[in-house]
Amino acid sequence: MTKPKRTHPLGLLLHMATAIKDYWYLFLLLLTLYRQPLWFALGWTLLIFAILIWPIVRWATLSYRITPEAVEINSGVLVRHHEHIPYSRIQTVQRKQWFFLAPFKLEELVIETASHDDNKPEAGLAAVPTSLASEIDRYRQATPTPAAVTPTEPLDPDSAASAPSATTAATAHYRIDNRTLLKFAITSTGFIPLLLVLLAMYNKIPRKWTDAFINDASHLAIVVLVGGALLVILVAWVAAFMWTYFRYFHFDVALRDDQLQTAKGLVQRNTITAPLKRIQAVRVKQNVFRQWLHIQTVQVLLASKAAAKDDSDDLVILPAVPQAQLYDVAAPFVDLLPDHAPDLSSLSVTDRRKWYLVRNALLVVLAPVVIVGYFLPHWWWALAILVAIAYFQGLFAARQTGGGLVTPTLLALQTGHVWTKETYYVPVETIQSVRLQQSVWMKKKQLMHLTVNVRHGNKNQAIELRYLRAEQAQRVYDWYLHTV
């Protein structure tokens with residue numbers, strides 16, 4: 001391929017979808033301007049330019065070229081950008097295929113290097129042939145590794161997330177069954193942010209519409225209030241269920257050579273490949289609902305952005321596994337996990353120390369409760385619910401805190417964050433630093449906060465256990481110093 005090429009015209013749909021996602025608030029703005037004709041017309045002009053004209057211009061001015069030495073991408077309207085990306089510098093190539101691209105054998109490619117901005121990839125190509133990723137992979141495999149490789153930014157070709165050859169046999173394979181996927185989707189907590197969005201949209205509805213509805217149903221005030229609240233919660237829950245189910249539809253994970261490959265999605269098939277050498281830690285998650293159903297999620301923290309926009313920006317390798325089978329199912333994919341649930345009582349919060357975490361949770365909601373209670377005293381029942389939620393969240397965090405050494409070189413840390421139990425398995429060689437914190441008050445009580453830092457994408461993941469006994473935290477600190 002010697003001449004620059006443009007992406008397929010279907011890429012326009014992806015550019016427009018991105019524009020709608022970035023400028024969705026303009027639709028809400030138009031709802032508030034419908035009584036002002038001039039501003040309403042200007043709003044529509046701005047909206048059409050943002051979601052239609054600008055994406056067309058971006059598509060028309062973007063071209064790419066694949067050479068034996070590098071990927072070259074030209075883009076920009078007012079300011080032209082010419083990007084030359086050598087294959088040895090590519091860390092990840094992520095493949096995304098929307099349902100409407102599949103019949104045309106097209107997909108979206110996202111290319112990342114070590115020098116890219118944290119908020120966006122080095123380059124993105126919408127609607128290119130599926131053979132393009134394989135062509136890039138062939139060139140990368142033929143490119144020698146740079147001589148200067150730093151410990152924190154490995155640049156060898158096999159550290160990138162490109163699609164492995166189809167002829168490579170999988171040494172381990174797992175596909176989620178529909179029953180487990182249904183449990184996983186039903187217990188999603190994604191309905192909470194969706195519920196907040198629906199409540200925010202309610203405030204944008206013209207006042208006369210809501211007043212007219214309330215007046216018509218004034219004789220059924222309590223029924224309408226309760227029924228409306230339940231309806232909003234049900235809509236948010238159904239939306240979260242469908243989002244999770246479609247996103248993890250036919251989830252598949254395979255281990256080929258030294259790379260993990262995951263594929264998932266119904267509307268968009270997303271394929272991510274992560275080299276085992278870039279795994280920094282393993283996280284086992286379980287929200288409060290999934291604790292009742294005894295299912296857990298396994299993720300890996302990567303030293304790259306290959307899993308950006310995945311669950312918590314970490315690569316999910318097992319979305320839902322029965323708790324009793326977790327270590328048997330996960331062991332073939334990552335060797336960091338032990339063969340059974342470890343004892344985490346070496347680092348724990350017991351006795352009166354639980355109150356400290358409960359107190360901190362109550363302090364977080366203290367200011368909102370006081371302000372809302374002063375201006376809206378008749379909302380006392382909602383404030384009481386908020387205080388109760390904060391109390392039990394603090395108690396939940398205290399009960400879930402734990403940790404200990406699994407092996408002489410593997411540390412397990414467990415936290416309870418936002419009604420989710422998270423257990424991290426961190427090998428000593430990937431720990432960036434260990435920090436102990438102790439205030440004057442804590443020194444008298446012989447307490448310490450322990451923070452273990454590991455790399456997470458291009459940033460840091462701080463795993464913090466609070467209000468440990470000083471000797472417990474000091475033991476981990478000394479272990480790290482002597483082992484490193």
Side-chain angles (χ1 to χ4, degrees), residues 90-99 102 105 107-110 112 130-138 140-141 156-181 184 244-285 295-322 325-337 339 425:
I90 295 177
Q91 290 201 20
T92 62
V93 178
Q94 188 173 355
R95 309 172 67 169
K96 303 178 181 180
Q97 188 177 56
W98 289 91
F99 67 95
K105 296 184 178 180
E107 64 185 2
E108 179 184 2
L109 288 186
V110 179
E112 177 207 354
T130 54
S131 59
L132 192 65
S134 300
E135 183 178 0
I136 293 174
D137 186 50
R138 286 197 301 271
R140 290 175 58 217
Q141 296 299 330
D156 50 287
D158 63 353
S159 69
S162 60
S165 173
T167 58
T168 304
T171 55
H173 178 263
Y174 170 82
R175 169 169 285 187
I176 192 170
D177 60 85
N178 194 59
R179 181 179 179 182
T180 305
L181 179 59
F184 182 70
T244 305
Y245 186 84
F246 288 162
R247 188 180 185 187
Y248 288 93
F249 184 77
H250 279 181
F251 180 92
D252 189 279
V253 60
L255 176 64
R256 291 186 172 90
D257 294 333
D258 61 346
Q259 298 199 9
L260 280 172
Q261 180 185 354
T262 65
K264 65 178 184 292
L266 177 62
V267 180
Q268 181 196 65
R269 195 69 180 167
N270 192 354
T271 303
I272 303 174
T273 304
L276 294 177
K277 64 176 65 176
R278 298 189 69 82
I279 295 178
Q280 304 297 293
V282 178
R283 174 196 280 143
V284 179
K285 292 177 62 175
I295 57 175
Q296 293 181 311
T297 301
V298 180
Q299 299 172 287
V300 291
L301 279 65
L302 300 174
S304 75
K305 297 288 287 183
K309 298 183 181 180
D310 209 2
D311 188 1
S312 303
D313 286 345
D314 295 317
L315 181 62
V316 176
I317 62 171
L318 296 170
V321 181
Q325 304 173 16
L326 172 67
Y327 298 97
D328 293 332
V329 175
F333 298 99
V334 283
D335 57 3
L336 296 182
L337 291 176
D339 56 4
Y425 294 94

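Remember, predicted model here, so these are calculated numbers, not experimental data. Heavy-atom basis, side chains included; hydrogens, waters and symmetry copies ignored.
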Practice item. Drop me the distance from Arg269's CZ to Phe249's CZ, to the nearest 0.5 angstrom. Key: 8.5 Å

Point to revise | Rounded distance (nearest 0.5 Å) linking atom OG1 of Thr271 with atom CD of Gln261 | key: 6.0 Å

Check your understanding: Considering all heavy atoms of both residues, which atom of Leu337 and which atom of Ala330 are nearest to each other, and what is their separation?
Key -> CD1-CB, 3.4 Å

Check your understanding: Within a strict 4.5 Å, meaning less than it, do heavy atoms of the Phe333 and Val298 side chains meet?
Key -> no

Practice item. Check side-chain hydrogen bond (donor to acceptor under 3.5 Å, both in side chains) between Asn178 and all other residues, then give those that pass, not counting sequence neighbours. Key: Tyr245

Study note, to complete from the structure: Residue set satisfying side-chain contact (heavy atoms from CB on, under 4.5 Å) with Ile176, at least two apart, ordered chain then number -> Tyr174, Thr180, Leu181, Phe251, Pro319, Ala320

Review point. NZ of Lys285 to CD of Gln299: how many Å apart, nearest 0.5 Å?
Key: 4.5 Å

Practice item. Go through the structure and list residues passing salt bridge (charged side-chain N to carboxylate O under 4.0 Å, His left out) with Arg175, not counting sequence neighbours. Key: Asp252

**Study point:** Ile295 side, atom CD1; Leu318 side, atom CG - distance, nearest 0.5 Å
**Key:** 12.5 Å

Review point. Heavy atoms, side chains only, cut-off 4.5 Å: are Leu315 and Ile279 in contact?
Key: no

Check your understanding: Quick one: does Phe99's side chain get under 4.5 Å of Val267's, heavy atoms only?
Key -> yes

Review point. How would you list, by chain and number, every residue that makes a side-chain contact (heavy atoms from CB on, under 4.5 Å) with Thr130, sequence neighbours excluded?
Key: Arg95, Gln97, Lys105, Glu107

Point to revise | Check: Arg278 main-chain N/O paired with Gln280 side-chain donor or acceptor under 3.5 Å | key: yes

Point to revise | Where Ala133 and Leu109 come nearest, the two heavy atoms and their spacing | key: CB-CD2, 3.8 Å

Practice item. Could I get the full list of salt bridge (charged side-chain N to carboxylate O under 4.0 Å, His left out) partners for Asp328, not counting sequence neighbours? Key: none

Review point. With a 4.5 Å heavy-atom cut-off, do Val321 and Gln296 have their side chains touching?
Key: no

Exercise for review: For residues Asn270 and Gln94, determine if any side-chain heavy atom of one lies less than 4.5 Å from a side-chain heavy atom of the other.
Suggested key: yes

Check your understanding: Any side-chain heavy atom of Val334 within less than 4.5 Å of one from Leu260?
Key -> yes

**Study point:** Which residues share a side-chain contact (heavy atoms from CB on, under 4.5 Å) with Ala331, sequence neighbours left out
**Key:** none

Review point. Is there a donor-acceptor contact under 3.5 Å from the side chain of Thr262 to the main chain of Ile317?
Key: no

